[in-house]
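Just below is one structure, and these are the notes that go with it.
The shown structure was predicted, so the numbers you read here are calculated from the model rather than taken from an experiment. Chain A is the first sequence line, chain B the second, and so forth, proteins listed ahead of strands; every chain is numbered from 1.
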Amino acid sequence: MTSIATITTPARPRKLVGAGRRQWIGLLYVAPAVALVVVFFIIPLCMTAWMSLHNWPLMGVHRFIGLDNYWAILRDTRFWNALRFTGYYTVIVTIAIFAVAFPLALFIERPRPLTGFYRTSFFMPAVIGFASASLLWSWLLNVDAGLFSPAAFELGLTEKKVNLLATFQPAFWSIIAMVVWKVAGFTMIILMTGLQSIPPDLQEAAMIDGAGPFARFRAITLPLMRRTLALALILSVAGSVLAFDQFYIILRGGPRNQTLTAVYWIFNQSFVSFKLGYGAALSMVLLVILVALSLIQLRLLRQPEGVD
Amino acid sequence: MKTMIAGLAFAASIIGSLAIVGPAAAAETANIWVRADGSNFMPRIVDAFNKGHENQIKLDIIPNAEIIPKYGAAAAGGTAPDALSLDLIYTPSFAAAGQLEDITDWAKSLPYFASLSPAHVKTGTYKDRIYGLPFSADSSVLIWNKKLFKQAGLDPEKGPTNWAEIEAAAEKVNALGGDIKGFYFSGNCGGCNIFTFTPLIWASGGDILTEDGSKATLDSPQLRGAIDLYRSMVKKDLVPAGAQTDTGSNFFAAFAAGNIGISPSGAFAIGALNTQYPDIDYGVTFLPGKDGGWSSFAGGDNFVVTKGTTKVAVVKEFLDFAYSLEGQTILAKYGSLPVRGDIANEALKDLDPRYKVAAEAMAKGRTPYSVVFNDLINSANGPWNQMVNEVFFGEDVDGAISNAQETMQSIIDSAPQQ
């Protein structure tokens, strides 16, 4: 950077005019992106914030009620329960995704026979939408017409067909399995690019110094993957905190409303109870929580001082 | 945006003036929405109307789950249809929101007003004014598989007439073994169970809500009794395991597959079975009470008019046509029961005789009245659905009932008063 600056110094007076113009051209280039962000993010966000200050039914007149919706959230135990469940789900599913994606990334990182095939097949589920994947799995998990229960029964593993979705634990872990199947491939690709950006000579040097595979992983691979890990972690956490489709389509929040996530609750308040204003207030609260979580993760995974 | 609206207004004024210059009265077109449940009969009635009338109807069919939010959004944006055929249980909450046109005077001027389906008119009435009139109708009934009854040594022509007979017949059919099961219901579906389970309670003299919907009354011996019937059948393994988590997607399909002895269902099943599963030989009877008697949930759609529409005259003309013998016959032929009691028999006379049972059930059918019906009953996460799932399959029946009673009452009490 500095060397380029010194080279350009002599030409400065003439370039100043050009730089001004170039800034305008630059603005012009980013204008479409800015317009998109403004129209599809900033304006809706402001509208949501505005709606959250109203009693805003789906039909009929809305009226300004100040912060009443937010006071109501403080007493809304079902929202906090949903949030607690969302937190629990996020922790479990993130650990599960990384526990599967990291070994897969290590496995497919180096060229070996059939690497292309493995990469493709691990990544494949990631290109399906969450809704279609949920529909597929709700069939697979169906006790009468599905795959898992009848197969286990036919193979003699269970005495009778077990309804996996009827009680909390099997239902919850079925969802975890489905999400891991769906998302791990994507996380794997991100982690793989991180692995590939580590210079091989570092690993070789460590090997010559006599470091074992575990020591190399801990002292070289992990620290050099900080940024990649941060990216994968933030994507996974944000995706899990906003989980909705799979719980809505496969479980309908059941069994007995034990798998209602925060977004599910917002959906219910807005489109089942028709309280759009309250739903907007809940969305704002969730947004604040999500931003805070992401900031904490960025801070934790920031490059330590002195490391480039 | 502004220029576009101005442009449209300009274009409209030109068209308007052309129409005035043009010959005779200008034909008007009113826009009507219907939920997907009506996609069989509604287009046919609209076609018949459009052929014989100067004024026209433009019909949009909206997916069941979408129609409420979509209508709400359209109403907020000023693009709501002139009228819509609305699931009747929503009429009170729509009327309470001030979204509907008061059609009391017109309704009462109809010569056949007194013979319109009473359940529809009751839910269409809010604070003594009428906002909705019956359009299509569906009543809940009990259906049984005659072939399986015969195989099990039961009289295939005689359906169960009380709870003990339901259970005994289900047990016999179940004993055939294999994939055959005695009884089916959707155990995780609030809408299905208000439709088919509450009539068992009503027929025995109980209820789950007071007449005006202001109190939940779940703590009754009749509800307990009906729960015990279902629990006993679940315990004896007469019900397929999938019933526990069926959110309604198998409500009709389970019986239609031919392996179920008895299932509570609706009038809609008659048309659907006849056209899609002609091989199934089935009977239709009433949903009985504990010791006989019967009741039914009167469901279907109310026809409501959006407040402030300029096409009221066209909409009324259309509804008049739908209430004619021709309209009622089209309705009956394509999957809905007639809604005019005085000509129901005439409209049904060439159709499957099993419709008669459903029509009779409709005439005496009941509909719970509540401005928060969606929250209480239909929501997959509402107190009613949570309760039915727990009491049919769970351990703590008393806890589930008292929990639901409390939650329902608190939802009723905190409903918006307008």
Side-chain angles (χ1 to χ4, degrees), chain A residues 51 55-63 72 75-76 78 81-82 135 138-139 141-146 149-150 153 158 160-167 170-171 174 247-261 264-265 267-279, chain B residues 65-66 68-76 80 90 93-100 179 181 187-190 237 240-250 253-254 257 259 306-307 372 374-376 378-383 385-387 389-390 393-394 400 403 407 411 414-416 418:
Chain A
M51 280 175 82
N55 179 347
W56 198 304
L58 187 66
M59 282 167 298
V61 285
H62 48 84
R63 72 196 151 79
R75 295 189 305 273
D76 187 351
R78 293 188 72 185
N81 284 341
L135 280 172
S138 77
W139 168 71
L141 292 164
N142 185 294
V143 60
D144 293 318
S149 301
F153 172 68
T158 50
K160 54 179 212 167
K161 292 183 196 168
V162 180
N163 192 340
L164 289 167
L165 305 179
T167 45
S174 300
F247 292 102
Y248 181 66
I249 293 173
I250 302 181
L251 294 176
R252 294 271 153 162
R256 286 157 211 170
N257 295 340
Q258 287 165 304
T259 60
L260 282 178
T261 62
Y264 201 143
W265 186 245
F267 169 81
N268 267 354
Q269 289 301 312
S270 305
F271 298 111
V272 176
S273 306
F274 307 145
K275 294 190 280 191
L276 293 187
Y278 188 62
Chain B
E66 302 289 306
I68 307 293
K70 208 172 152 82
Y71 181 81
Y90 289 118
S93 66
F94 273 52
Q99 189 59 50
L100 304 180
D179 284 339
K181 288 285 180 185
N188 194 19
C189 171
D237 226 5
Q244 185 172 1
T245 43
D246 179 8
T247 54
S249 50
N250 245 343
N259 295 326
T306 301
K307 198 179 185 81
V372 282
N374 210 26
D375 273 309
L376 293 178
N378 273 1
S379 163
N381 313 107
N385 191 36
Q386 184 168 359
M387 185 198 80
N389 192 258
E390 277 179 31
F393 302 97
N403 189 10
T407 315
I411 291 175
S414 62
Q418 290 187 14

Are the side chain of A:S149 and the backbone N or O of A:V162 linked by a donor-acceptor pair below 3.5 Å? yes
Between A:Y278 and A:D76, do the side chains contain a donor N or O and an acceptor N or O under 3.5 Å apart? yes
For a quick check under 3.5 Å, do A:N163 and B:Q244 share a side-chain donor-acceptor pair by atom type? no
> Under 3.5 Å, side chain of A:N142 to main-chain N/O of A:A145, donor-acceptor pair present?
Replying inline: yes
For the pair A:F267 and A:F271, name the ring-plane relationship: parallel under 30°, tilted 30 to 60°, perpendicular over 60°.
-> tilted
Item checked: Test item: B:S379 side-chain N/O and B:N381 main-chain N/O as donor-acceptor pair under 3.5 Å -> yes
So, the part of B:I411 with a heavy atom under 4.5 Å from chain A: the answer is neither
The interface call for A:Y264 against chain B, heavy-atom contacts under 4.5 Å, is side chain
If you tally heavy-atom pairs under 4.5 Å between each of A:G146, A:S273, A:A171 and chain B, the highest tally belongs to A:S273
Applying a strict 4.5 Å limit to non-hydrogen atoms, the region of A:L165 in contact with chain B is both
Honestly, the part of B:E390 sitting under 4.5 Å from a heavy atom of chain A is both
Under 4.5 Å to a heavy atom of chain A? For B:T247 that would be side chain
When the 4.5 angstrom heavy-atom criterion is applied to B:Y71 and chain A, the contacting part is side chain
Looking only at A:K275, A:R252, A:R256, most heavy-atom pairs under 4.5 Å shared with chain B are made by A:R256
